There are 4 protein chains.
Amino acid sequence: MGDTGGVSGAESEGSVRGTDGTGHRRRGNTRKRIQDVALELFAEQGYEKTSLREIAERLDVTKAALYYHFKTKEDILVSLFEDLTRPIDELIEWAGNRPRTLDTKREVLRRYSDALSGAAPLFRFMQENQATVRELSVGETFKSRMIRMMDIIKDPDAPLPDQVRCISALFTMHAGMFVLREVEGDPEEKRKAVLEVAIDLVTQAHGSTGEDRPS
Amino acid sequence: MGDTGGVSGAESEGSVRGTDGTGHRRRGNTRKRIQDVALELFAEQGYEKTSLREIAERLDVTKAALYYHFKTKEDILVSLFEDLTRPIDELIEWAGNRPRTLDTKREVLRRYSDALSGAAPLFRFMQENQATVRELSVGETFKSRMIRMMDIIKDPDAPLPDQVRCISALFTMHAGMFVLREVEGDPEEKRKAVLEVAIDLVTQAHGSTGEDRPS
Amino acid sequence: MGDTGGVSGAESEGSVRGTDGTGHRRRGNTRKRIQDVALELFAEQGYEKTSLREIAERLDVTKAALYYHFKTKEDILVSLFEDLTRPIDELIEWAGNRPRTLDTKREVLRRYSDALSGAAPLFRFMQENQATVRELSVGETFKSRMIRMMDIIKDPDAPLPDQVRCISALFTMHAGMFVLREVEGDPEEKRKAVLEVAIDLVTQAHGSTGEDRPS
Amino acid sequence: MGDTGGVSGAESEGSVRGTDGTGHRRRGNTRKRIQDVALELFAEQGYEKTSLREIAERLDVTKAALYYHFKTKEDILVSLFEDLTRPIDELIEWAGNRPRTLDTKREVLRRYSDALSGAAPLFRFMQENQATVRELSVGETFKSRMIRMMDIIKDPDAPLPDQVRCISALFTMHAGMFVLREVEGDPEEKRKAVLEVAIDLVTQAHGSTGEDRPS
DNA sequence: AATGAATGAGGATTCATTCAT
DNA sequence: GATGAATGAATCCTCATTCAT
């Protein structure tokens with residue numbers, strides 16, 4: 001499992017022995033281990049195909065143990081979502097307090113790209129399990145986030161093709177994450193290429209409306 | 001569900017000749033009715049969440065009747081896929097026999113747009129159930145179709161951003177189908193806007209390589 | 001399949017084209033073909049594991065066609081049983097009208113051996129599906145036949161070991177049919193060896209009671 | 001069912017400590033209770049005809065409870081087989097380390113008789129469900145056990161009739177178990193009669209080869 | 001002499017969840 | 001902080017059988 005899949009950034013899975021900062025017998029990492037394994041399996045096989053039995057078996061605990069840490073299966077997903085999408089919430093908040101200039105939008109895309117690659121497996125999961133996720137609570141949450149993102153970069157009064165360009169910019173970034181796994185090349189370079197195209201799209205969209213032109 | 005969801009174009013669901021109110025002689029079309037209902041439910045709720053019981057109930061037949069017409073649940077999906085993706089197969093074949101000029105690519109996108117909107121629910125389904133579909137036989141088939149499409153419009157030696165533009169063009173068309181349901185506007189106009197953006201993307205990708213320039 | 005499996009001795013399965021003796025377009029062999037295939041599958045896989053679908057598929061007819069010829073699945077088995085065990089009925093009748101001398105018993109065993117190898121697959125089936133067959137009508141019939149056979153060769157007042165010898169003689173002949181498939185050697189020779197042992201057993205049983213001694 | 005059917009010798013079925021009449025706390029022994037009931041039903045009705053529903057109902061638990069204790073239906077049978085055929089494995093091992101004299105063979109038969117009657121219902125089951133068992137994993141296991149037993153008492157270079165005698169000895173013991181239920185008499189006496197006949201058969205087989213003669 | 005379409009009953013199996021310990 | 005044992009509801013699927021044509 002890659003580190004990007006880790007739920008709490010820095011230390012994940014690996015460091016099992018040792019202290020958790022307080023100097024005590026480190027326990028309490030089970031919750032995170034559950035999240036890690038769940039995310040990995042959800043992303044790999046989908047939400048429905050991943051059973052709690054499977055998660056428990058991988059962790060070598062019983063299903064009942066999962067229920068000590070999470071109220072339901074859905075709750076595991078919710079917790080992942082909350083932990084991992086905070087950067088995006090912050091981005092949305094940050095953008096809310098700024099004028100909707102082209103430069104802002106470009107900066108938004110740059111930051112979004114970072115946020116996305118910091119939680120790639122989760123976003124891949126959301127993308128590949130839309131039908132399932134739609135009837136889960138995170139579905140609503142995710143959708144409203146996306147709508148907020150669109151509000152930020154898309155002008156509802158612009159000509160339709162320009163609106164499409166903005167939507168496309170966002171989706172290109174999402175799709176980029178897993179479609180480009182099929183393409184050769186250094187991941188970081190690919191990310192930059194995707195970002196470049198997304199920025200281009202938004203720039204073009206802006207250009208035709210003629211608000212503030214890029215160089 | 002619009003008529004585009006119907007499996008064999010013209011008459012769908014509605015026209016049930018024979019005694020329908022009295023007994024239940026609705027001869028011969030049961031197979032198609034199953035496909036129609038299945039597609040509708042698969043697209044709406046996802047593949048896993050749609051049970052054969054539900055399909056059967058909607059049609060007012062028993063589950064066993066479904067098994068008379070299809071060998072397995074997956075088989076229903078396969079049959080839908082085969083029936084509905086024929087136009088895309090033909091498109092791929094057509095494009096295979098042509099030089100890969102910009103004009104060809106644009107024509108491919110135009111035809112692809114038609115093909116897509118002729119089987120919108122199925123494509124929406126494939127998009128929203130990728131995790132599930134990946135381990136189904138249609139998953140492989142679909143993936144190989146997509147790769148063929150990419151071979152047609154994408155130059156593997158072009159700079160990365162241009163390759164991304166091409167991929168983005170394709171995904172914009174896919175995503176356009178269901179994301180734009182959130183946007184106001186006439187469906188046909190939206191389709192045209194999406195197509196315009198996709199063609200633009202491919203054109204730009206082509207331009208920077210400098211093969212054959214558009215006007 | 002094999003000729004011993006054929007329901008009516010001489011011509012089975014193979015001769016499809018041609019006339020059925022009257023000079024007409026041979027029809028009416030379907031019933032027999034069903035019996036042949038059913039016996040083959042019953043013997044190979046067991047009664048429960050053999051579905052009517054499978055039988056029908058092998059014959060390239062529909063399940064419904066089977067119901068034209070036989071009232072139920074069980075009925076197919078019953079018909080096989082009736083057709084194939086006639087020789088044994090006749091043997092029992094023949095033996096019923098004779099004194100129970102050692103010579104009679106030996107002759108019974110000889111004839112029994114013939115009868116058995118004339119319907120080997122059916123007997124193999126009966127042996128290997130006793131649990132199933134027990135609750136079928138043929139179960140009762142078969143059991144009563146066996147009891148009659150025992151009455152013929154076994155003396156209820158003989159010492160227990162001698163009674164066992166007689167039972168063993170019969171079972172040796174049954175088991176001989178399929179256990180010896182594991183042993184190398186010419187089938188006809190094996191049959192003779194089995195018969196020899198069976199006769200020996202009955203002879204010994206008789207000897208100790210001292211009725212009429214063999215040479 | 002007799003105690004010989006019990007899976008773990010001593011206390012079976014009956015002794016259910018805990019509140020049995022009131023609630024349903026009959027802790028810990030559920031696994032064994034499942035085995036007991038399954039064996040009883042398998043032997044009585046056959047493997048296929050015995051549904052997990054039936055087993056569960058008899059135990060007054062849900063089907064799902066069975067799946068807590070056993071992975072599949074087949075697994076229940078496998079567990080019975082493993083638990084109950086250990087004595088025979090030991091016998092085979094014991095015999096493997098000894099010269100193949102007549103005395104050894106006789107001792108083998110004696111011990112085999114004991115082993116058989118210690119797991120009579122299972123052996124009856126194996127005998128009566130051969131067709132079914134053949135495609136189950138225990139089928140292979142059982143067959144290889146039988147072949148090992150034959151290796152021990154049968155000389156592959158002896159004349160065919162003598163080989164048949166040895167096979168017959170083994171089958172007589174198997175068949176003896178359930179065919180003799182039809183014959184009057186004390187079970188223990190019947191067992192001894194069967195053993196005597198089996199030993200006789202092996203002795204005769206040995207005698208004609210002339211290795212080491214009995215008294 | 002046979003088919004096409006369907007049914008009702010039941011099969012094994014899996015799942016998320018609960019709760020006393 | 002976790003387990004062992006169990007449940008209830010649902011899943012896909014298979015089967016023997018029927019009947020109008």
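This structure is a prediction, so every number in the text was calculated from the model and none was measured. Proteins get letters first, then strands, A, B, ... in listed order; numbering begins at 1 in each.
- Contacts of D/Tyr47 classified as ring pair (Phe, Tyr, Trp, His ring centres under 6.0 Å), with partners at least two apart in sequence or in another chain: D/Phe42.
- For C/Thr30 and E/dA1, the shortest distance from a side-chain N or O to OP1 or OP2 is not below 4.0 Å.
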Contacts table for residues 64-72 of chain B: side-chain donor-acceptor under 3.5 angstrom, sequence neighbours left out:
| residue | atom | partner | partner atom | Å |
| --- | --- | --- | --- | --- |
| B/Thr72 | OG1 | B/Glu74 | N | 3.3 |
| B/Thr72 | OG1 | B/Asp75 | N | 3.0 |

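- Distances shorter than 4.0 Å separate some side-chain N or O of D/Ser51 from OP1 or OP2 on E/dG11.
- Residues passing the salt bridge (charged side-chain N to carboxylate O under 4.0 Å, His left out) test with A/Arg58 are A/Glu40, sequence neighbours excluded.
- Checked against side chain to side chain contact (heavy atoms under 4.5 Å, CB included), D/Arg53 has the following partners two or more places apart in sequence or in another chain: D/Ser51, D/Glu57, D/Lys63.
- Note: A/Glu44 CD to A/Glu128 CD = 11.0 Å, rounded to the nearest 0.5 Å.
- No donor-acceptor contact under 3.5 angstrom links the side chains of D/Thr132 and C/Glu48, judged on distance only.
- Looking at residues two or more places apart in sequence or on another chain, you find no side chain to side chain donor-acceptor pair (under 3.5 Å) involving B/Gln130.
- Taking every heavy atom of residues 63-77 of chain C and every atom of DNA chain F, pairs under 4.0 Å involve C/Lys63, C/Ala64, C/Tyr67, C/Thr72, C/Lys73, by number.
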task: State the dot-bracket string of DNA chain F. Criteria: Watson-Crick or G-U wobble, both atom distances under 3.5 angstrom; notation: ( ) intrastrand, [ ] crossing earlier pairs, | interstrand, . unpaired.
output: .||||||||||||||||||||
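- Nearest to the side-chain atoms of B/Arg53 among the listed nucleotides F/dC15, F/dA10, F/dT3 stands F/dA10.
- Less than 4.0 Å separates DNA chain F from no heavy atom of any residue of residues 129-139 of chain C.
- Out of E/dT7, E/dC15, E/dT17, the shortest distance to the side chain of A/Leu52 is found at E/dT17.
- Taking for each of D/Thr50 and A/Lys49 the nucleotide of DNA chain E with the nearest heavy atom, the 5'-most of the two is the partner of D/Thr50.
- Residues meeting the salt bridge (charged side-chain N to carboxylate O under 4.0 Å, His left out) test with D/Lys73, sequence neighbours left out: none.
- Judged as a salt bridge (charged side-chain N to carboxylate O under 4.0 Å, His left out), and not counting sequence neighbours, D/Glu82 has no contacts.
- Interatomic distance, CZ of D/Arg31 versus CD1 of D/Ile76, reported as 9.5 Å (0.5 Å rounding).
- Annotation: side chain to side chain donor-acceptor pair (under 3.5 Å) contacts of D/Glu54 (sequence neighbours excluded): D/Gln45.
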